[in-house]
Asks: 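Okay, handing you the structure first.
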Amino acid sequence: MKNFDTIIGDVKVNAKAAASVVSKKAAMLYDASKHRISAETIKRSIGKKLIELGKLTYKATTQDIDLAEDIAKVVEEITELKQNLAIVEAHIASIKNQKICPECENKVTKESSFCNICGHKFEDEPEEPVKEIAETVEEAAETVEAKPDEIVVAAQEAVAEISEDAEEAVKAADEAE
């Protein structure tokens, strides 16, 4: 009987550990999905601004109007959006245990010393802490259009479902004692 109790205890410990891992993976998946949505929203905003820039340039050229201020404003907005996109993509890469080459934008593992595409050396570059990146990403997300609510809700439901399954596994292990 003592051996059975030991086995049940081991099952309980393993179930709790598995539930913890599943919960962490689900949270990472949700976080990455949320940031991918932000990245796509920023990309759409950049596309719209590029169209606006093209229209202004065309109008200035064909109608011989000085729209330099308007063009400069749109260029500044595009630059800001691209900076926000780079921050979001860096955070996504961080979640995936990757970093982005500043030379060619290739994604490599965090442990890489060189980019396998352009040969850029990473050694002397300090990494920004993840917490600071996350705060910057949240600020960037506030500057772009609203995220598609149905995708966020679906991701939240998936996380809740995985968490419920993990809780049920722990509960079943507890009841087996």
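Since this is a predicted model, take the numbers as computed values, not measurements.
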Asks: Give a yes or no on whether Glu111 atom CD has more than 12 heavy-atom contacts from other residues, nucleotides or ligands under 6.0 Å away.
Replies: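 Atom CD in Glu111 is crowded, with more than 12 foreign heavy atoms closer than 6.0 Å.
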Asks: I would like to know whether Arg44 and Thr41 meet side-chain contact (heavy atoms from CB on, under 4.5 Å); could you show each step before the answer?
Replies: CA-CA 5 Å; Arg44 280 194 302 276; Thr41 302; 3.4 Å; yes
Asks: About how many Å separate NZ of Lys107 and CD of Glu89, when rounded to the nearest 0.5 Å?
Replies: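 Going from CD on Glu89 over to NZ on Lys107, the span is 6.0 Å.
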Asks: Check whether any side-chain heavy atom of Lys82 sits under 4.5 Å from a side-chain heavy atom of Ile42, and report yes or no.
Replies: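 Sidechains of Ile42 and Lys82: no contact.
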Asks: Treating Ile, Leu, Val, Met, Phe, Trp and Tyr as nodes and any side-chain heavy-atom pair under 4.5 angstrom as an edge, say whether Leu56 and Tyr58 lie in one connected cluster.
Replies: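 In one cluster: no.
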Asks: Where do Lys99 and Val108 land on the side-chain contact (heavy atoms from CB on, under 4.5 Å) test, with the steps shown first?
Replies: CA-CA 6 Å; Lys99 58 186 171 184; Val108 297; 3.8 Å; yes
Asks: Distance from Lys59 atom NZ to Asp70 atom CG, nearest 0.5 Å?
Replies: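 Rounded to the nearest 0.5 Å, the NZ-CG separation comes out at 8.5 Å.
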Asks: Strictly below 4.0 Å, N to O, side chains only: are Glu52 and Lys55 in salt-bridge contact?
Replies: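 Salt bridge flag = no for Lys55 with Glu52.
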Asks: Given the rule that I, L, V, M, F, W and Y join up when any side-chain heavy atoms are under 4.5 Å apart, are Ile100 and Phe114 in one cluster?
Replies: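 Each belongs to a different hydrophobic cluster.
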Asks: Is the count of non-hydrogen atoms from other residues, nucleotides or ligands lying under 6.0 Å from Asn97 atom CG greater than 12?
Replies: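 Yes.
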Asks: Could you walk me through whether Glu40 and Lys43 pass salt bridge (charged side-chain N to carboxylate O under 4.0 Å, His left out), step by step?
Replies: CA-CA 5 Å; Glu40 289 305 315; Lys43 287 176 185 176; 3.5 Å; yes
Asks: Just verifying a value: how many Å separate Ile51 CD1 and Ile46 CD1, rounded to the nearest 0.5 Å?
Replies: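 Rounded to the nearest 0.5 Å, the CD1-CD1 separation comes to 12.5 Å.
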Asks: What is the distance from atom NE2 of His35 to atom CD1 of Ile92, rounded to the nearest 0.5 Å?
Replies: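 Those atoms lie 7.5 Å apart.
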Asks: I'd like to know whether Val75 forms a side-chain contact (heavy atoms from CB on, under 4.5 Å) with Ile78, so could you lay out the CA-CA distance, the side-chain angles of the two residues, the decisive distance to 0.1 Å, and finally the verdict.
Replies: CA-CA 5 Å; Val75 167; Ile78 292 169; 5.5 Å; no
Asks: Mind checking the CD-CD1 spacing from Glu105 to Ile117? Nearest 0.5 Å is all I need.
Replies: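 If I round to the nearest 0.5 Å, the distance is 12.5 Å.
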Asks: Taking it one step at a time, do Lys110 and Ser94 satisfy side-chain contact (heavy atoms from CB on, under 4.5 Å)?
Replies: CA-CA 8 Å; Lys110 281 188 179 180; Ser94 175; 3.3 Å; yes
Asks: Do the non-hydrogen side-chain atoms of Phe122 and Pro102 ever get within less than 4.5 Å of each other?
Replies: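 Yes - at least one pair of side-chain heavy atoms lies under 4.5 Å apart.
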Asks: May I ask you to check whether over 12 heavy atoms, not counting those of Glu103, lie within 6.0 Å of atom CD?
Replies: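 Atom CD in Glu103 is packed in, count exceeds 12.
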Asks: Give me the atom names and distance for the closest heavy-atom approach of Ala39 to Leu85.
Replies: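 Between these two residues, the closest heavy atoms are O-CD1, 3.7 Å.
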Asks: Give, for atom OG of Ser38 and atom CD1 of Ile87, the distance between the pair rounded to the nearest 0.5 Å.
Replies: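 Here the interatomic distance stands at 12.0 Å.
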Asks: Where is the tightest heavy-atom contact between Cys101 and Cys104, given as atom of each residue plus distance?
Replies: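 So the minimum-distance heavy-atom pair works out to SG-N, 3.6 Å.
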